[in-house]
Amino acid sequence: MELTKLSPPQILFGTEVDEKSSSQQFILSMYDSVQASIFVVDVLEDGDFRYVAFNPTHEQWIGIRSDDLRGKKPEDILSPIDAAEVRQHYAECVLFGKTISYEECLQFQGVPTWWSTTLTPLRDANSRIYRLIGTSSNITPVKQAEQAVGLQVDREHLLEAIAERIHQSVELETILHQTTKELRQFLNCDRVLIYRFEADSSGVIIAESTVTPPLLGKNITDPCFSGKHREHYGRGCIQVVEDIYAAGLHPCHIDFLVSLQVRANLVVPIFKEKDMWGLLIAQHCHQSRQWQQTETDLLKQLAIQIGIAVGQTELRQQIKDLKAKLELHKQKHKNQLQQVRNFEALVRRMTEQIRDSLDETQVLQTLTQELAELLNLERCQIELYSPCQTLVTITYEYSINLPRCQGLTRQIADRLEVYQPLLQKQPLQFLEIVPGWQPKLLVMSQMACPIFDTQGILGNIWLTRPTQEAFDEFEIELVQQVANEGAIAIRQAQLYQQTQAQVKELENCDRLKNQFLRNLSQELRTPITSISLAVQTLESVLTPAEILEIEIVPQLLQILHNECARESKLINDLLTLTYLEAEPDPPTLIAIDLQSWLHPIVESFRDLTSCQRQQLNLSVDSALPLLETDITDMERIITELLNHVCKYTPAGESVTVSVHQRGDAVELNISNSGLELTSNELSRIFEPFYHLSKHDPWKHSGTGLELALVQKMVRHLGGSIYVESGAGQTTFAIKFPL
């Protein structure tokens with residue numbers, strides 16, 4: 001359709017149009033009856049814009065009469081934001097000088113409306129654009145449908161996002177803050193917050209997204225939030241307030257919301273299982289808000305998801321706590337196991353000390369220190385009762401920071417309430433305030449464990465821990481076992497002291513005995529010497545032939561000589577034995593070659609063995625190393641043993657002397673055949689004055705000290721001697737270290 005160019009002052013679409021023009025009448029009829037919105041805008045010389053007219057359809061849609069619009073600017077009928085956007089489109093049409101199309105959302109009387117607009121410029125004779133013809137279609141329903149679909153997609157994305165976070169076990173704080181942020185953006189409101197109830201009916205805001213002053217972390221108590229309101233939310237009901245001043249709220253509730261800058265409010269309860277946990281709240285602060293049902297449904301669904309997240313978080317926390325408890329229990333069990341091992345090591349060390357050492361002080365002092373280190377004690381003490389059990393003395397102590405009390409004596413009667421159960425062999429523990437001024441009250445845990453055995457109670461072990469933590473049953477059992485070991489150590493020390501006293505008494509008796517024997521030997525030596533001289537004198541006097549012819553006189557003289565010699569040897573042996581049992585001087589050592597040195601000593605017994613029809617054998621290893629010894633004592637040892645062996649060897653049997661090297665020692669064996677001793681005889685053979693009379697085929701007499709002297713002399717030279725008998729043979733074996 002071509003529009004006829006009119007010259008001013010005629011106005012197209014106005015009342016000044018010639019009503020007789022059929023073409024203009026046709027155009028006017030279309031202008032009035034078309035269902036599209038048509039508007040005319042004048043472009044002024046200065047580039048400003050003024051509205052000329054709207055067709056009736058446009059008047060109907062926007063609710064403004066055309067007469068009221070004529071001559072007005074966009075700012076006169078639109079909001080500043082909408083007016084700026086409209087001016088931008090008008091300016092673009094003038095700038096480009098051609099028809100343009102666009103979509104825009106404008107608010108008329110507070111109602112947003114979507115338009116699809118086409119602008120066509122009109123030029124005058126000078127080609128200046130002096131007017132814009134616009135046609136608009138109301139596409140609000142289409143846009144609302146599109147927005148509904150978009151909102152549905154966004155809502156689903158929002159729900160999927162929070163569900164995904166819950167599935168991925170994201171921290172609850174992150175879930176809540178992200179949910180409030182995304183929900184506020186989705187609702188395009190001023191504030192979204194999550195309010196958690198406390199046990200005292202108050203609550204705290206734990207998550208928030210806002211464009212207003214924040215409330216996060218504040219503990220808020222609504223004075224009007226009575227049990228009725230809480231019961232209302234507890235039944236799953238929601239609160240929808242589009243305008244606090246038009247919702248019929250209680251004045252105090254309105255004042256409370258005003259204090260929080262709230263104008264419109266949407267509140268949905270959050271449940272954790274069946275218990276109300278908190279509230280999900282969306283707020284408009286500066287103007288009222290018409291909440292849509294889809295928005296309410298979204299908050300309900302989000303509240304359900306938040307409840308699931310809270311439940312899952314608490315369940316996860318319970319699992320975490322359970323794992324922590326399990327790990328703590330495992331660590332505690334591990335610590336107890338390690339403590340058991342440490343304690344077993346302590347008991348083992350104590351047992352070894354008790355076995356290897358008879359020093360009570362060393363054992364118990366070590367016990368206090370190691371027990372304090374094992375149980376992390378501030379102090380460990382061992383106190384012992386007096387024999388009458390009226391006093392107790394701290395005998396051993398190990399202390400870190402506390403004052404030392406070792407040597408302190410207490411009267412049991414002064415603390416009868418403490419010592420009465422201990423005397424009945426019952427452990428005791430309690431808390432005690434540390435005396436003296438302290439900046440902070442210092443309380444320590446103490447335990448006393450009695451030390452006793454079958455013979456009675458001996459004392460107590462005191463343990464002081466620098467905390468109020470009580471000793472558990474396991475530790476009490478450990479300390480009781482340590483106390484048992486301590487009782488063994490104390491009893492052993494007491495027994496050792498008694499034994500030492502007896503040993504000293506026996507040593508004193510032995511010393512007195514040796515002194516007596518020495519004195520007796522000295523006293524007997526003088527009369528024996530006198531008797532021997534008298535016998536020699538008598539023999540010289542009785543030399544006349546007539547007296548010697550008397551048969552008994554030579555026999556009597558021989559008896560006197562033999563007995564004097566025997567008694568003299570006995571006295572000398574006694575003196576030597578007492579000398580060796582005392583503290584003899586160290587021997588004079590000389591290196592000898594046994595092969596050459598031993599032969600003449602053994603050969604000196606050849607005549608005796610031949611007379612007694614015995615065989616005498618000597619065997620010495622060649623290349624035998626030199627032996628450092630005292631040759632006087634060594635010669636007597638061999639002589640005494642050969643005398644003894646020859647005396648008890650029957651006729652026709654053999655006597656053998658052999659020398660061999662055994663490792664780092666020289667072994668000298670003197671044995672005879674035809675003689676076997678019983679175990680009783682073997683055990684007593686080195687006793688003084690013990691005789692093997694029934695085995696003496698030659699009826700030889702002796703002092704009975706020979707073998708005792710041999711044993712003492714061998715030990716004096718650093719050797720050892722033992723005797724073996726079996727299979728008709730008896731052997732004396734002597735070992736000297738090289």
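- Within the model, atoms CD of Q88 and CG of L95 stand 9.5 Å from one another, a figure rounded to the nearest 0.5 Å.
- Between L299 and L187 the shortest side-chain heavy-atom distance falls below 4.5 Å.
- The salt bridge (charged side-chain N to carboxylate O under 4.0 Å, His left out) analysis of residues 468-480, with sequence neighbours excluded, yields the pairs R465-E475.
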- Go through R87 and E85 one step at a time and tell me if the salt bridge (charged side-chain N to carboxylate O under 4.0 Å, His left out) criterion holds. CA-CA 6 Å; R87 277 185 174 275; E85 186 175 355; over 6 Å; no
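- The two residues L216 and E208 come nearest to each other via the heavy atoms N-OE1, 2.9 Å.
- Side chain of Q381 to backbone of W462: no donor-acceptor contact under 3.5 angstrom is found.
- Counted by atom type alone, E182 and Q178 present one or more donor-acceptor pairs between their side chains at under 3.5 Å.
- K272 NZ: more than 12 foreign heavy atoms inside a 6.0 Å radius.
- A donor atom on one side chain and an acceptor atom on the other are found under 3.5 Å apart for R184 and S209.
- Remark: side-chain polar atoms of S127 are not paired, donor with acceptor, to backbone N or O of R123 under 3.5 angstrom.
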- Check the pair V192, I281 against side-chain contact (heavy atoms from CB on, under 4.5 Å), reporting the backbone distance first and the verdict last. CA-CA 6 Å; V192 172; I281 306 172; over 6 Å; no
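- By the side-chain contact (heavy atoms from CB on, under 4.5 Å) test, D46 is found to be paired with L44, D48, residues two or more places apart in sequence or in another chain being considered.
- In this structure, CG in L322 is found 12.0 Å from CG in L328, a value given to the nearest 0.5 Å.
- Between the side chains of S101 and T118, a donor-acceptor pair is found at a separation under 3.5 Å.
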- Item | Worked check of side-chain contact (heavy atoms from CB on, under 4.5 Å) between K334 and K330 | CA-CA 6 Å; K334 184 178 179 181; K330 180 180 177 182; 5.6 Å; no
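- Within a 6.0 Å sphere centred on CD of E373, other residues, nucleotides and ligands contribute more than 12 heavy atoms.
- The closest donor-acceptor contact from the side chain of D76 to the backbone of K73 lies under 3.5 Å.
- In this structure, E314 does not pair ionically with R316, as no charged nitrogen and carboxylate oxygen lie closer than 4.0 Å.
- Side-chain atoms of W291 come within 3.5 Å of backbone atoms of V241 as a donor-acceptor pair (strictly under, hydrogens ignored).
- Rounded to the nearest 0.5 Å, atoms CG (N265) and CD (Q239) are 5.5 Å apart.
- Side chains of S136 and F39 form a contact here, defined as non-hydrogen atoms less than 4.5 Å apart.
- Using a 4.5 Å cut-off on side-chain heavy atoms (C-beta onward), I306 and L176 make contact.
- Every residue two or more places apart in sequence or in another chain was checked for a side-chain contact (heavy atoms from CB on, under 4.5 Å) with K325, and none qualifies.
- In this structure, the side chains of I461 and M447 stay at 4.5 Å or more apart for every pair of heavy atoms.
- A ring pair (Phe, Tyr, Trp, His ring centres under 6.0 Å) check over residues 81-101, counting only residues at least two apart or in different chains, returns the pairs F49-Y90, H89-Y102.
- Under the 4.5 Å side-chain criterion, counting only non-hydrogen atoms from C-beta, L172 is in contact with V310.
- The list of salt bridge (charged side-chain N to carboxylate O under 4.0 Å, His left out) pairs with a residue in residues 237-261, not counting sequence neighbours, reads D243-R263.
- Listed by chain and residue number, E378, Y398 satisfy the side-chain contact (heavy atoms from CB on, under 4.5 Å) test with I400 (two or more places apart in sequence, or in another chain).
- Using a distance-only test at 3.5 Å, with no hydrogens or angles considered, a donor-acceptor pair links the side chain of T140 to the main chain of W114.
- Distance alone, capped at 3.5 Å, is enough to place a donor-acceptor pair between the Q429 side chain and the F471 backbone.
- To the nearest 0.5 Å, atom OG1 of residue T464 and atom CG of residue L375 are 12.0 Å apart.
- Among the candidates T180, V211, V262, the single residue satisfying the side-chain contact (heavy atoms from CB on, under 4.5 Å) test with R191 is V262.
- Exactly one of Q338, Q331, K332 qualifies for a side-chain hydrogen bond (donor to acceptor under 3.5 Å, both in side chains) with N335. That residue is Q331.
- The pair E295-R289 meets the salt-bridge criterion, with a side-chain N (NZ, NE, NH1 or NH2) lying under 4.0 Å from an Asp/Glu carboxylate O.
- Counting all heavy atoms, side chain and backbone alike, V94 lies closest to V43 at CG2-CG2, 4.1 Å.
- In this structure, the separation between CD1 on I308 and CG on L302 is 11.0 Å, given to the nearest 0.5 Å.
- No more than 12 heavy-atom neighbours from other residues, nucleotides or ligands sit within 6.0 angstrom of CD1 on I81.
- Remark: the backbone N or O of T212 is paired with a side-chain donor or acceptor of T210 at under 3.5 angstrom.
- Here the side chains of K300 and I238 are in contact, with some heavy-atom distance below 4.5 Å.
- Within the 4.5 Å cutoff, the side chain of S445 has no heavy atoms near those of the Q468 side chain.
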- Task: Check the pair V41 / I133 against side-chain contact (heavy atoms from CB on, under 4.5 Å), numbers first and verdict last.
- Result: CA-CA 7 Å; V41 180; I133 305 298; over 6 Å; no
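- Closest heavy-atom contact between A303 and V268: CB-CG1, 3.7 Å.
- Residue E417 places its CD atom among more than 12 non-hydrogen atoms of other residues, nucleotides or ligands, all under 6.0 Å distant.
- Listed here is the closest heavy atom pair of V479 and C449: CG1-CB, 3.7 Å.
- Using a 4.5 Å cut-off on side-chain heavy atoms (C-beta onward), K320 and Q318 make no contact.
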- Message: Let's go through L257 and L249 carefully: what are the C-alpha distance in whole Å and the side-chain angles of both, what is the deciding distance for side-chain contact (heavy atoms from CB on, under 4.5 Å) to 0.1 Å, and is it a yes or a no?
- Response: CA-CA 10 Å; L257 294 176; L249 301 178; 3.8 Å; yes
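- Ring planes of F197 and Y195: perpendicular class, angle over 60° (limits at 30 and 60°).
- Within the model, atoms NE2 of H177 and CD of E171 stand 12.0 Å from one another, a figure rounded to the nearest 0.5 Å.
- The backbone N or O of V204 sits nowhere less than 3.5 Å from a side-chain atom of N219 that would complete a donor-acceptor pair.
- Under 4.0 Å is where a charged nitrogen must lie from a carboxylate oxygen, and between R50 and D42 no such pair does.
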